[in-house]
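Note sheet for the following structure.
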Amino acid sequence: MCGRYATSRTKVQLTEAFHVASDQADEVPRADFNVSPTKRVPIVLTSSAPDSEAEAAVRQLRLATWGITPVWMAKAGKKGRPLTNARAETIDEKPTFRRPFEQRRCLVPADGFYEWFAEAGGKQPYFFRPVDGAVLAMAGIVEWWHDPENKTLWFPTFSVITTKATDDAGKVHDRMPMTVQPDRWDAWLDPGLTDAAKVRRLMAAPAKGSLDIFPVSKAVNVSKNNGPGLVEPAEIGS
DNA sequence: CCAGACGTTGTT
DNA sequence: GTCTGG
DNA sequence: CCAGACGTTGTT
DNA sequence: GTCTGG
């Protein structure tokens, strides 16, 4: 679930939509209709790097790497892919996710996300996007990271929280990203809110009927392919 | 106390 | 099968 | 998430 | 680092 999505909005659009002061916005590169794990993409968060002076909590738009690599994994040289998803059902129990969930949440702006439906004749990609055209705020957690061998710069990495897919979405795939409705963004991004039970209530699966779901070209399968054509409806199998 | 796991997805 | 790259 | 590689030596 | 199992 949610291992690929699209985020094409401009820096200006994102700062306005998420009420980020313009001087708190990182440079946002070109529109990306084929975001895959390990790519750097814009997220919205309230916090600063661990080694910076304690600044006032300010909402920021920053580029972050998709996929958390726990420090213990890097130090031990353990093999293992970066963690691109975290299950909502157990996020406040897992050692790797609990602290980030309580203290370092983020919003991941998306036009929509892709899921692959396994059917006879191969896997068919589908795109899921809000019916109303609004930006989709996926629920995420942040882990600050630096290379253990090169402890100079800290930078944010993130995972997208997932849940069981509801109604129509569940027909395509059994998991989907958690989202945060706009009226809950302030609370979600509030570092002072650390009660996991309360935090949990701020996120929700996309409401029934709120997403358009349609097949797209298999061109999206190849992660180097990009462009707005990837999110246009296409015949199944094309 | 120490040892050992620590994550998700999909697929088998 | 399993790992890396995007 | 899917696609695509999956190796070494010596030489440039 | 932090949590669970023994």
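Below, all heavy atoms of this structure are taken into account, side chains as well, without hydrogens, waters or symmetry copies. Throughout, a chain's letter reflects where its sequence line sits, starting with A, and its residues are numbered from 1.
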Just the rounded figure in Å: distance from [atom2] of [N] to [atom1] of [X].
| X | N | atom1 | atom2 | value |
| --- | --- | --- | --- | --- |
| Asn85(A) | dC1(D) | CG | P | 7 Å |
| Glu89(A) | dG7(B) | CD | P | 14 Å |
| Met138(A) | dC1(D) | CE | C1' | 12 Å |
| Arg81(A) | dA3(D) | CZ | C1' | 11 Å |
| Asn221(A) | dC1(D) | CG | C1' | 9 Å |
| Asp174(A) | dC1(D) | CG | P | 10 Å |
| Tyr114(A) | dA3(D) | OH | P | 14 Å |
| Leu83(A) | dT8(B) | CG | C1' | 7 Å |

Inset, instruction - With the side chain of Ala118(A) defined as its heavy atoms from C-beta on, choose the nearest nucleotide among dT8(B), dT11(B), dG7(B). - result: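 Closest nucleotide to the Ala118(A) side chain: dT11(B).
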
Legend entry - Listed nucleotide nearest any side-chain atom of Phe97(A), set dC1(D), dT9(B), dG7(B):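 My answer, after comparing the listed nucleotides, is dG7(B).
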
Exercise: identify the closest heavy-atom pair between [X] and [Y]:
| X | Y | value |
| --- | --- | --- |
| Ala204(A) | Met178(A) | C-SD, 3.4 Å |
| Trp66(A) | Thr84(A) | NE1-O, 3.0 Å |
| Pro42(A) | Leu61(A) | CB-CD1, 3.9 Å |
| Pro177(A) | Val160(A) | CB-CG1, 3.9 Å |
| Leu202(A) | Arg184(A) | O-CD, 3.4 Å |

Legend entry - salt bridge (Lys or Arg N to Asp or Glu O under 4.0 Å) contacts in which one or both residues fall within residues 222-238 of chain A, not counting sequence neighbours: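 For residues 222-238 of chain A, and leaving out neighbouring residues, there are no salt bridge (Lys or Arg N to Asp or Glu O under 4.0 Å) pairs at all.
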
Legend entry - side-chain hydrogen bond (donor to acceptor under 3.5 Å, both in side chains) partners of Lys123(A), counting only residues at least two apart: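 Not a single residue meets the side-chain hydrogen bond (donor to acceptor under 3.5 Å, both in side chains) criterion with Lys123(A).
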
Inset, instruction - Mind checking Tyr5(A) for me? I need base, sugar-phosphate or nothing, with any heavy atom below 4.0 Å counting as a touch. - result: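 The residue Tyr5(A) makes no contact with any strand.
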
Legend entry - In one Ile/Leu/Val/Met/Phe/Trp/Tyr side-chain cluster, 4.5 Å: Val44(A), Val135(A):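 Shared cluster, yes.
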
Ignoring hydrogens and angles, write down the donor-acceptor pairs under 3.5 Å from the side chains of residues 103-111 of chain A, residues two or more places apart or on other chains.
residue, atom, partner, partner atom, Å
Arg104(A), NE, Val142(A), O, 3.2
Arg104(A), NE, Glu143(A), OE1, 3.4
Arg104(A), NH2, Glu143(A), OE1, 2.8
Arg105(A), NE, Trp188(A), O, 2.7
Arg105(A), NH1, Phe101(A), O, 2.7
Arg105(A), NH1, Glu102(A), O, 3.0
Arg105(A), NH1, Leu193(A), O, 3.2
Arg105(A), NH2, Trp188(A), O, 3.3
Arg105(A), NH2, Asp190(A), O, 3.0
Arg105(A), NH2, Leu193(A), O, 2.9
Asp111(A), OD1, Ser8(A), N, 3.2
Asp111(A), OD1, Arg9(A), NH1, 3.0
Asp111(A), OD2, Ser8(A), N, 3.2
Asp111(A), OD2, Ser8(A), OG, 2.6

Inset, instruction - Go through residues 28-45 of chain A and report each residue with a non-hydrogen atom lying under 4.0 Å from DNA chain C, sorted by number. - result: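 By residue number: Ser36(A), Pro37(A), Thr38(A).
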
Provide the distance between the two [atom1] atoms, one in [N] and one in [M], to the nearest whole Å.
| N | M | atom1 | answer |
| --- | --- | --- | --- |
| dT11(B) | dC1(D) | P | 8 Å |
| dT4(E) | dG7(B) | P | 10 Å |
| dT8(D) | dG5(C) | P | 15 Å |
| dT9(D) | dA5(B) | C1' | 41 Å |

Legend entry - Pair Phe155(A) + Trp145(A): ring centers closer than 6.0 Å: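 Yes; Trp145(A) has its ring centre under 6.0 Å from that of Phe155(A).
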
Legend entry - Base-pairing string, 5' to 3', of DNA chain C - Watson-Crick or wobble, under 3.5 Å, | interstrand: ||||||

Legend entry - Trace of the salt bridge (Lys or Arg N to Asp or Glu O under 4.0 Å) decision for Arg59(A) with Asp186(A): CA-CA 10 Å; Arg59(A) 186 172 302 185; Asp186(A) 287 353; 2.7 Å; yes

Legend entry - For Asp92(A), the option from Arg98(A), Arg200(A), Arg99(A) that meets side-chain hydrogen bond (donor to acceptor under 3.5 Å, both in side chains):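 The residue from Arg98(A), Arg200(A), Arg99(A) that satisfies side-chain hydrogen bond (donor to acceptor under 3.5 Å, both in side chains) with Asp92(A) turns out to be Arg200(A).
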
Legend entry - Base versus backbone protein contacts along nucleotides 1-6 of chain E [heavy-atom cut-off under 4.0 Å; B, S, -]: B-S---

